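Single-structure report; data block below.
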Amino acid sequence: MTASAQRCWHGRRPGGLQHLAASDAPLPEWLTAGAQDHATPTIRLLEEHGYERARWCLELELDLRAPVAEPPPAQGVRLVPYGEEWTERAKSAMNDSFRDHWASQPVTSAKWVSGHRLEAFRPDLSLLAVTPGTHEGERRRRVRLR
């Protein structure tokens, strides 16, 4: 069986939708697939099985041999080194930022922290842009005592 035939057979099975319907876990209610523009056989196969093109991604490039202009600082925003005290706030900010983004799923605390164990994670090279009123990972709250 060729790879195309296997994909067609798999695409005709109702497996993906059945897995979603049978699960008690809070799962997204969609199935997605992706292909690069030059992968026309894959695109054609997906379209034949009911998938529609919904969005395109862009690749941005910057020639690092040329000088890069320093952007002006945003008023009231400060840069702080990433540390454990910012873990939950950084995860929440990322989830809030991508809440309405195509196919984005909220990152759980466990998944976020598991990323910290990756060799590619470099907190020593990571900065957070923090707005006024944000301190050590928590927003300050005024409490009135009577």
Side-chain angles (χ1 to χ4, degrees), residues 1-140:
M1 183 181 286
T2 67
S4 286
Q6 287 176 332
R7 284 192 300 266
C8 285
W9 175 80
H10 181 73
R12 288 190 187 123
R13 295 186 320 158
L17 294 174
Q18 285 179 343
H19 284 295
L20 288 174
S23 176
D24 291 330
L27 299 172
E29 296 179 3
W30 64 81
L31 301 174
T32 63
Q36 295 183 352
D37 284 339
H38 66 271
T40 51
T42 302
I43 292 169
R44 190 169 41 254
L45 184 66
L46 290 168
E47 288 174 343
E48 287 171 2
H49 289 88
Y51 284 84
E52 297 175 9
R53 293 183 193 207
R55 73 173 189 175
W56 287 257
C57 296
L58 301 176
E59 236 178 78
L60 304 176
E61 295 181 8
L62 175 65
D63 184 352
L64 296 177
R65 295 172 293 191
V68 178
E70 187 72 27
Q75 188 174 3
V77 176
R78 61 191 171 97
L79 298 178
V80 298
Y82 184 83
E84 283 190 41
E85 68 273 19
W86 294 103
T87 296
E88 190 59 32
R89 296 284 303 171
K91 177 194 66 84
S92 293
M94 197 278 304
N95 282 339
D96 287 345
S97 297
F98 286 91
R99 185 172 319 285
D100 296 328
H101 193 271
W102 286 83
S104 180
Q105 297 296 304
V107 176
T108 64
S109 294
K111 179 104 172 146
W112 184 265
V113 172
S114 73
H116 292 179
R117 293 190 295 269
L118 297 175
E119 186 177 321
F121 177 63
R122 295 288 308 269
D124 58 316
L125 299 177
S126 301
L127 296 173
L128 297 173
V130 179
T131 57
T134 303
H135 178 70
E136 301 305 316
E138 292 297 326
R139 287 215 177 263
R140 290 183 182 169

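The basis for the numbers below is simple: all heavy atoms, side chains too, and nothing from hydrogens, waters or symmetry mates. Position 1 is the first residue of the sequence, and the numbers go up from there. Please read these numbers as outputs of a predicted model, since none were measured by experiment.
When all heavy atoms are compared, the tightest approach of Ala129 to Val77 is CB-CG1, 3.7 Å. When all heavy atoms of Thr42 and Ala35 are compared, the closest pair comes out as CG2-CB, 3.9 Å. For the pair Trp86 and Pro81, the tightest heavy-atom approach, listed with the atom from each and the gap, is CD1-O, 3.8 Å. For the pair Gly76 and Pro132, the tightest heavy-atom approach, listed with the atom from each and the gap, is O-CD, 3.0 Å.
Take Ser126 and apply the side chain to side chain donor-acceptor pair (under 3.5 Å) test, not counting sequence neighbours, and it matches no residue. Not a single side chain to side chain donor-acceptor pair (under 3.5 Å) links Arg117 to another residue, sequence neighbours left out. Partners of Leu125 by side-chain contact (heavy atoms from CB on, under 4.5 Å), not counting sequence neighbours, listed by chain and number: Arg122. Evaluation of the side-chain contact (heavy atoms from CB on, under 4.5 Å) rule for Pro106 yields Asn95 as partners, not counting sequence neighbours. Remark: Arg53 engages Glu47 in a salt bridge (charged side-chain N to carboxylate O under 4.0 Å, His left out) (not counting sequence neighbours). Among residues two or more places apart in sequence or in another chain, the salt bridge (charged side-chain N to carboxylate O under 4.0 Å, His left out) test is passed with Asp100 by none. With sequence neighbours excluded, the residues forming a side-chain contact (heavy atoms from CB on, under 4.5 Å) with Thr108 are Ala110, Lys111, listed by chain and number. The salt bridge (charged side-chain N to carboxylate O under 4.0 Å, His left out) test applied to Asp63 returns Arg65, not counting sequence neighbours. Taking the side-chain contact (heavy atoms from CB on, under 4.5 Å) definition, one finds that Leu62 meets it with Leu64, Val68, sequence neighbours left out. Here Asp24 pairs with nothing under the side chain to side chain donor-acceptor pair (under 3.5 Å) rule; sequence neighbours left out.
To the nearest 0.5 angstrom, His38 atom NE2 is 9.0 Å from Ile43 atom CD1. To the nearest 0.5 Å, atom CG of residue Asp96 and atom NZ of residue Lys91 are 9.0 Å apart.
Sorted by first and then second residue, the ring pair (Phe, Tyr, Trp, His ring centres under 6.0 Å) pairs involving residues 57-84 (not counting sequence neighbours) are Tyr82-His116, Tyr82-Phe121.
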